[in-house]
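Structure record follows, encoded as structure tokens.
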Amino acid sequence: MNQPGLFELAGFGPDGWGHALLAGALMTILVGIAGYSIGAVIGTFGAWAKIAGNRAVRAVADAYTTVLRGIPDLLVIYLFYFGGSAVVTAIGKLFGAEGFLGFPGFLAGSLAVGVTSGAQFTEVLRGGFKAVNRGEIEAAIACGMSRGLRLRRIIAPLTLRHALPGLGNVWQVVLKESALVSITGVAELLRQAQVGAGSTGLPFDFYLIAGVIYLMISTLSSLILQQAERHLSRGVRRR
């Protein structure tokens, strides 16, 4: 019996795994978006703590970024998944449940990716704020703008403009980190490739297909981010 070709495996025919791989790619994007969103919230507070917080708050933010940037991402996912499962199991026992209760893999993976990317967000946003021309902020103060108005109309847009290239890099890292979530049983792209490889005995083919799909997602993301960067840079004089 002839083995199906690469295009047949990636297709939607009787021997194709196109539906499973497409579902896995969508799950990868969902995990990436969830983790990125969580990281953005954490990173915003982390950057604020490093910029405007008191000494104790800055120390907490520094400790957070140091620890999370020094621990392997896979270990963070394990801690969230097994630690969360232990907590859920303990709570279940209080209500009469028996046996092991697993923490949802999607939630554990999204939280882990969010917490790890939050450390990168913190540094990127802090750098974006530091790049804002102090003269523009002083001009806003001279015009009588309140603190909230300065933040909304001057500081936040300029910080985002300076930070956007770095935020794009964080997104690309998050996409690659989402592959690690497969260890929790989430049926994302790499997990579907592993299932296909085990079912057909064609690991090289499936991992090659998965790599191409990851590259397509990454390339499309880069194009969208470049368009966003051009949009935010409208009216800015180039030197």
Side-chain angles (χ1 to χ4, degrees), residues 17-49 53 56-122 125 170-171 173-201 203 206-207 210 213-214 217:
W17 286 71
H19 293 290
L21 292 171
L22 179 59
L26 291 175
M27 181 58 70
T28 292
I29 295 173
L30 286 176
V31 171
I33 291 174
Y36 193 80
S37 301
I38 294 170
V41 174
I42 295 174
T44 299
F45 282 103
W48 168 83
V57 174
R58 285 198 301 271
V60 172
D62 287 336
Y64 162 69
T65 54
T66 299
V67 170
L68 267 297
R69 294 170 73 185
I71 294 179
D73 299 336
L74 184 60
L75 177 58
V76 177
I77 295 175
Y78 275 130
L79 290 174
F80 268 91
Y81 181 64
F82 291 109
S85 297
V87 171
V88 171
T89 300
I91 294 174
K93 288 181 178 179
L94 294 177
F95 292 93
E98 296 182 359
F100 177 80
L101 298 176
F103 195 65
F106 178 87
L107 182 57
S110 298
L111 287 173
V113 171
V115 169
T116 53
S117 65
Q120 300 173 55
F121 261 105
T122 297
L125 292 176
V170 174
W171 168 251
V173 172
V174 166
L175 273 180
K176 290 187 286 186
E177 286 180 348
S178 66
L180 301 175
V181 179
S182 62
I183 64 170
T184 66
V186 175
E188 49 74 62
L189 180 55
L190 183 59
R191 178 65 176 174
Q192 295 288 20
Q194 290 171 337
V195 172
S199 300
T200 62
F206 274 95
Y207 292 136
I213 296 175
Y214 276 118
I217 296 172

Could you measure the distance from the [atom1] atom of [X] to the [atom2] atom of [Y]? Nearest 0.5 Å is fine.
X	Y	atom1	atom2	answer
Glu188	Leu30	CD	CG	11.5 Å
Ile42	Ser117	CD1	OG	7.0 Å
Phe82	Thr89	CZ	OG1	11.5 Å
Trp171	Ile33	CH2	CD1	5.0 Å
Ile217	Leu175	CD1	CG	6.5 Å
Trp17	Thr200	CH2	OG1	6.5 Å

Has the side chain of Ser110 got a donor or acceptor atom that lies under 3.5 Å from a matching backbone atom of Leu107?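 No: the side chain of Ser110 does not pair with the backbone of Leu107.
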
Got a donor-acceptor contact below 3.5 angstrom from the Ser199 side chain to the Gly196 backbone?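 No: the side chain of Ser199 does not pair with the backbone of Gly196.
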
State, to 0.1 Å, how close [X] and [Y] come at their nearest heavy-atom pair, and which atoms those are.
X	Y	result
Ala47	Thr122	N-CG2, 3.6 Å
Tyr64	Ala119	OH-N, 3.1 Å
Phe103	Gly84	CB-C, 3.6 Å
Leu190	Ser182	CD2-OG, 4.0 Å
Ser178	Val31	CB-CG1, 4.0 Å
Gly43	Phe121	CA-CB, 3.6 Å

Thr116 and side chain to side chain contact (heavy atoms under 4.5 Å, CB included): which partner among Leu111, Val173, Val174, Asp73?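 Per the side chain to side chain contact (heavy atoms under 4.5 Å, CB included) rule, the option paired with Thr116 is Asp73, out of Leu111, Val173, Val174, Asp73.
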
Does the side chain of Tyr207 come within less than 4.5 Å of Gln194's, by heavy atoms?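 Yes, side chains in contact.
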
Would Trp48 and Val57 count as a side-chain contact (heavy atoms from CB on, under 4.5 Å) here? Give the steps. CA-CA 10 Å; Trp48 168 83; Val57 174; 4.2 Å; yes

Take Tyr214 and Thr28 through the side-chain contact (heavy atoms from CB on, under 4.5 Å) test and state the conclusion after the steps. CA-CA 9 Å; Tyr214 276 118; Thr28 292; 3.9 Å; yes

Begin from the C-alpha positions of Tyr36 and Val170 and carry the test side-chain contact (heavy atoms from CB on, under 4.5 Å) through to its verdict. CA-CA 8 Å; Tyr36 193 80; Val170 174; 4.0 Å; yes

